[in-house]
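Remarks on the structure that follows.
Bear in mind the structure is a predicted one, so any value in this text is a computation, not a measurement.
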Protein chains: 2
Amino acid sequence: MGDAEPRTAGGRVTVKEVADYAGVSAMTVSRTLSGGKNVRADVQRRVMDAVSALGYHRNENARSMRPGHTSGLIGVAITNLGNPYYGGFALGVEEVAATYGRRILLGNTGEVLARETQLISDFVGRQVEGLIVVPTGGAGEHLQPRALGHIPLVLAARSIPGVSADTVLLDDTSGAYEGTKRILQAGHRRVAFLGNSVSVSTATRRFEGFCQALAEFGLAPDPDLVLRGQQDVPAARRAMEQILQHSAPPTAVFSANNRNTIGALEAISAARDAGSVTTPPTLIAFDDVELANQMNVPILTISHDPKALGAEAARMLFSRLDGDFTSSEARIFNLAVSVGNIRS
Amino acid sequence: MGDAEPRTAGGRVTVKEVADYAGVSAMTVSRTLSGGKNVRADVQRRVMDAVSALGYHRNENARSMRPGHTSGLIGVAITNLGNPYYGGFALGVEEVAATYGRRILLGNTGEVLARETQLISDFVGRQVEGLIVVPTGGAGEHLQPRALGHIPLVLAARSIPGVSADTVLLDDTSGAYEGTKRILQAGHRRVAFLGNSVSVSTATRRFEGFCQALAEFGLAPDPDLVLRGQQDVPAARRAMEQILQHSAPPTAVFSANNRNTIGALEAISAARDAGSVTTPPTLIAFDDVELANQMNVPILTISHDPKALGAEAARMLFSRLDGDFTSSEARIFNLAVSVGNIRS
DNA sequence: TACGGTGTTGTTATCGTTATCACAAACCTG
DNA sequence: CAGGTTTGTGATAACGATAACAACACCGTA
């Protein structure tokens with residue numbers, strides 16, 4: 001009683017109901033909502049009143065079904081939202097997508113290939129206009145155009161052999177090379193390497209750059225000091241502990257990503273507290289990490305903005321969607337990284 | 001020539017096309033795809049072959065239009081994806097949603113009310129089954145049931161006066177109270193406060209807990225040492241610098257969120273490098289921050305898991321959607337925070 | 001052989017929206 | 001004021017998918 005709500009709960013309001021309420025046809029409502037061309041001003045007002053009285057929202061799914069219309073959705077598959085890096089990445093994608101009037105369907109793959117396959121297939125079913133994927137790194141059959149219904153795809157941060165798609169990468173190799181070189185020039189000769197999963201292309205590229213720089217100085221990586229495959233902070237910490245306990249510990253450590261950097265810093269910090277390490281090794285850290293520069297550990301950061309990476313991926317996608325770039329050839333965009341100076 | 005692709009680009013494949021290719025009717029395709037009940041085995045095989053030959057994906061938008069079906073989408077509006085905290089939060093939501101077979105529509109509001117309003121309206125138009133919102137804190141007309149088409153809403157991390165919706169909050173007040181008390185018990189008497197925007201309910205609640213503890217020790221906050229409204233790291237850093245330059249600096253500083261904690265640590269670290277501070281103040285930090293415990297600053301963390309917060313919000317939403325909880329009364333879930341010990 | 005049941009397939013109608021067409025009224029223009 | 005154009009409105013069909021119904025073949029049984 002006294003309920004101002006003309007509709008009861010459950011079923012959502014349709015154009016038809018708004019039309020009845022306003023005493024016009026569905027078409028007049030539709031026209032009014034699409035700008036009001038060829039609708040009398042007073043009728044428009046009646047329609048808008050009905051819309052707000054009933055709390056009507058256009059059904060975008062139904063709209064997008066009509067020929068010519070698109071869903072306005074972009075599918076984004078990320079490996080690990082819990083990593084601040086990918087939060088920034090997602091933000092970059094979201095902001096650019098918003099300026100293009102698109103929304104984001106977000107999925108987290110957790111570095112699991114099956115989940116990535118499932119997510120992408122679902123996204124296609126939901127009629128996304130395009131996909132932005134940080135691939136887990138496995139075989140890419142599910143990333144072939146036929147599996148995607150020929151929707152534009154942009155790979156981000158990592159590339160997949162055999163998949164020809166627009167890709168935004170970091171300048172992994174040259175960044176790692178420059179950083180390592182800088183440390184060698186500073187006199188270090190014994191440098192360890194901490195890396196994430198070998199199947200991830202960034203890991204490979206960064207290791208390459210690392211080795212290149214060593215080779216230039218006539219050095220080769222010491223197998224004892226190369227630890228790869230650490231995907232999270234605890235694993236990275238254990239790896240660093242192992243390095244610190246080496247009978248001939250390195251004077252510098254290259255960390256290939258932010259998880260490894262944090263684990264390494266934790267291990268150094270703990271070892272120092274325990275007194276087992278007095279002069280910590282110098283870190284060469286790929287990826288920015290909040291507070292890393294404030295730790296009492298000499299560090300050289302190879303930095304870049306994950307948000308810029310996401311934004312660039314989105315821009316590449318929209319250049320396809322808007323027909324600004326139509327060549328079937330895949331583009332590769334290398335986002336520059338900046339190698340700083342040794343701090344602290 | 002030699003093109004194995006029966007369809008050219010552009011238009012997506014429909015049931016009808018699959019049906020023609022397999023020499024059956026659309027219904028037979030549909031039935032096959034829905035489990036194959038009452039479809040001969042050899043026909044099913046023919047259909048599946050056609051599906052994979054044409055690269056067909058069911059149009060989920062069209063499916064969800066049919067009576068009884070739902071979109072399978074959850075709308076999530078977050079204030080700042082660039083903050084690692086909300087990345088973790090989004091991950092918690094995503095993981096729970098995935099177990100319920102739902103996908104996530106993600107929007108970033110950037111703490112802008114107009115953007116939040118627009119996002120939510122769009123989400124409703126896209127037929128989301130429910131909404132999870134970290135509100136910016138402004139007036140909540142757009143969060144009233146009528147504006148949402150009576151879709152279930154869960155507010156997370158912050159509440160809005162006048163909006164009756166299921167809400168997941170942190171135990172802000174008691175966490176701040178306990179943390180502050182701990183520091184007072186340790187002998188501190190001059191404690192500063194760094195907080196984010198006053199319009200945000202968490203900021204208010206944490207300040208309340210802070211004041212309560214002070215009052216219990218017969219103290220009142222010193223207006224000179226209460227700086228609120230810092231929403232990002234640079235602003236927080238400037239605020240902390242101001243505090244450090246005070247003629248009678250505090251021996252402890254309460255930081256109400258992770259942005260303020262990082263800014264404060266940066267300021268302390270810089271001041272120490274510059275020699276203007278020798279004994280840093282003890283920090284009471286709400287929110288976990290990676291590496292904060294490894295800095296050479298005594299710190300007491302009031303910690304909790306943002307992912308758990310997101311997961312709990314999602315569970316509350318699904319308890320509505322699945323009809324496990326039907327009361328019109330709004331629930332409030334208080335996620336416990338844990339107050340640690342003073343470190344370093 | 002007639003009959004009910006079951007299993008397999010196709011036809012029709014519908015979901016919410018809007019482009020297209022149809023039509024009437026109002027507005028020009030000479 | 002005849003003839004044409006513009007403006008405002010409604011009816012119909014279509015987008016892709018699938019419940020509901022209809023149709024038919026085939027089985028076993030009386």
Nucleotide [N], atom [atom2] - distance to [atom1] of [X] in whole Å:
X: H69(A); N: dT20(C); atom1: NE2; atom2: P; value: 12 Å
X: D20(B); N: dG16(D); atom1: CG; atom2: P; value: 13 Å
X: L33(B); N: dG16(D); atom1: CG; atom2: P; value: 16 Å
X: E60(B); N: dG16(D); atom1: CD; atom2: P; value: 15 Å
X: M65(A); N: dT18(C); atom1: CE; atom2: C1'; value: 11 Å
X: K37(B); N: dT6(C); atom1: NZ; atom2: P; value: 12 Å
X: K16(B); N: dA17(D); atom1: NZ; atom2: P; value: 12 Å
X: N38(B); N: dC26(D); atom1: CG; atom2: P; value: 17 Å

Please check the phosphate of dT9(C) (OP1 and OP2 only) for any side-chain N or O of R31(B) closer than 4.0 Å. no

Does dG10(D) have OP1 or OP2 under 4.0 Å away from a side-chain N or O of T28(A)?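 It does, given that an N or O in the side chain of T28(A) lies less than 4.0 Å from OP1 or OP2 of dG10(D).
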
Nearest to the side chain of [X], which nucleotide is it out of [options]?
X: R66(B); options: dT8(C), dG16(D), dT17(C); answer: dG16(D)
X: V15(B); options: dA17(D), dA19(D), dC15(D); answer: dA17(D)
X: S30(B); options: dT9(D), dT18(D), dA17(D); answer: dT18(D)
X: M27(B); options: dG16(C), dA20(D), dA19(C); answer: dA20(D)
X: N59(A); options: dA19(D), dG16(C), dG8(D); answer: dG16(C)

M48(A) CE: over 12 foreign heavy atoms closer than 6.0 Å: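 No, CE of M48(A) has 12 or fewer neighbouring heavy atoms, counting only those of other groups under 6.0 Å.
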
Considering only heavy atoms and no angle criterion, is a donor-acceptor pair shorter than 3.5 Å present between the side chain of R40(B) and the base of dT8(C)? no

Should the side chain of R63(A) and the base of dT17(C) be counted as holding a donor-acceptor pair, with the cut-off at 3.5 Å? no

Closest-nucleotide ordering on DNA chain C, the 5'-leading residue of D42(B) and A62(B): D42(B)

Can you tell me which residue among Q44(B), R40(B), R46(B) is in a side-chain hydrogen bond (donor to acceptor under 3.5 Å, both in side chains) with D42(B)?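 When side-chain hydrogen bond (donor to acceptor under 3.5 Å, both in side chains) is applied between D42(B) and each of Q44(B), R40(B), R46(B), only R40(B) qualifies.
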
Name the one of L317(B), D166(B), L131(B) that satisfies side-chain contact (heavy atoms from CB on, under 4.5 Å) with P152(B)?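 Testing P152(B) for a side-chain contact (heavy atoms from CB on, under 4.5 Å) against L317(B), D166(B), L131(B) leaves exactly one candidate, L317(B).
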
Candidates E60(B), H57(B), R12(B) - the one meeting side-chain contact (heavy atoms from CB on, under 4.5 Å) with Q127(A):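 Result: among E60(B), H57(B), R12(B), R12(B) is the only option passing the side-chain contact (heavy atoms from CB on, under 4.5 Å) with Q127(A).
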
Within the distance-only criterion (no hydrogens, no angle test), does the side chain of T117(A) pair as donor or acceptor with the backbone N or O of L113(A) below 3.5 angstrom?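 Such a contact is found between T117(A) side chain and L113(A) backbone.
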
